[in-house]
Amino acid sequence: MAKITTNLQTIMHKIEQAKNRANAKQEINIIAVTKSVSIERTVEATEAGLIHLGENRPEGLLAKKGEIGNNATWHYIGTLQSRKVKQVINEIDYLHSLDRFSLAEEINKRANKTINCFVQANVSGEDSKHGLSAEDVIPFIQSMEQFEHIRIVGLMTMAPNTEDETIIRNVFKELKKMQQEVVKLNLPYAPCHELSMGMSNDYEIAVEEGATFVRIGTALVG
Ligand SMILES: *Cc1c(COP(=O)(O)O)cnc(C)c1O
């Protein structure tokens, strides 16, 4: 396994180049997705200076948080089953996978603080992907007003698994367009300034298209 510091330098350099190509000015937060690596490797990631850590299972999140605690910002990036909400919701800083009303209800019931949520959109319309379809995103966000513990900080998507850059880029462009529509609504509980998009294979495209959070596993810690 390559050193995380070396991987991080490469990724930061590529992000800078992508920003320059697109004349992009946004700040990029790198989330180290540690779901497939050990606690030791996750500690190494924090030692390399990574602040944001992403997990997609309650067990993994709790085990790693048990070791690292509040020295990191914790992101839950995977599908969250409603019955597991109470295990994790007060342990995380950001949820990237809010995709249904019943999940929001359960979060609101179990949370004892405001939870920063990304609404997950299935922009590409692939059956295999979780997330709300494009036309449901705005009505869904409007329906969140009743939940005092939920704050919609942004939108999240996963690009389809394809070699075709144009398809990937269009998915990211669509997400940004939706995000800007939400911003225009001026909802106090949904500032929606952030875009969580881009993984190991497509983060450069995501940065060019306005990502503010990239979620990188394999290329960083894998
Ligand atoms: C696993 C995962 C990632 C990271 O994927 P890599 O290809 O390893 O960078 C990002 N986002 C989500 C939602 C994931 O499940």
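The structure displayed is predicted, hence computed values, not measured ones. Atoms within each ligand, like the ligands themselves, are counted from 1 in listed order.
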Yes or no: does Met156 have any heavy atom under 4.0 Å from an atom of ligand 1?
yes
So for Asn201, does at least one of its heavy atoms come nearer than 4.0 angstrom to any atom of ligand 1?
no
State, without any angle test, whether [X] and [Y] hold a side-chain donor-acceptor pair at a distance under 3.5 Å.
| X | Y | answer |
| --- | --- | --- |
| Ser97 | Gln120 | no |
| Asn186 | Lys184 | no |
| Thr212 | Glu27 | no |

[atom]: which protein heavy atom is closest, and how many Å away?
| atom | answer |
| --- | --- |
| atom 8 (O) of ligand 1 | Thr218 OG1, 2.5 Å |
| atom 12 (C) of ligand 1 | Ile77 CD1, 3.6 Å |
| atom 9 (O) of ligand 1 | Ser200 OG, 2.5 Å |

Evaluate the criterion salt bridge (charged side-chain N to carboxylate O under 4.0 Å, His left out) for residue pair Arg41 and Glu44; output intermediate values, then yes/no.
CA-CA 5 Å; Arg41 187 77 172 159; Glu44 264 184 66; 3.2 Å; yes
Please report the interatomic distance CD1(Ile30) to CG(Leu53), rounded to the nearest 0.5 Å.
12.0 Å
At under 4.0 Å between heavy atoms, is it the side chain or the backbone of His96 that contacts ligand 1, or both, or neither?
neither
Any N or O of Gly217 that comes nearer than 3.5 Å to an N or O of ligand 1?
yes
Would you say Asn56 and ligand 1 have an N/O pair spaced under 3.5 Å apart?
no
Nearest heavy atom to atom 2 (C) of ligand 1: which of Arg215, Lys35, His75, Met199 does it belong to?
Lys35
With a 4.5 Å cut-off on side-chain heavy-atom distances among I, L, V, M, F, W and Y, is there a chain of contacts connecting Val43 to Ile51?
no
Numbered in order shown, the ligand 1 atoms found under 4.0 Å of a heavy atom of Met158 are 13 (C)
By number and element, which atoms of ligand 1 are closer than 4.0 Å to a non-hydrogen atom of Ile216?
9 (O)
With a 4.0 Å cut-off on N to O distance, would you call Lys64 and Glu67 a salt bridge?
no
Using the benzene-type ring in the case of Trp, are the ring centres of Phe172 and Tyr203 under 6.0 Å apart?
no
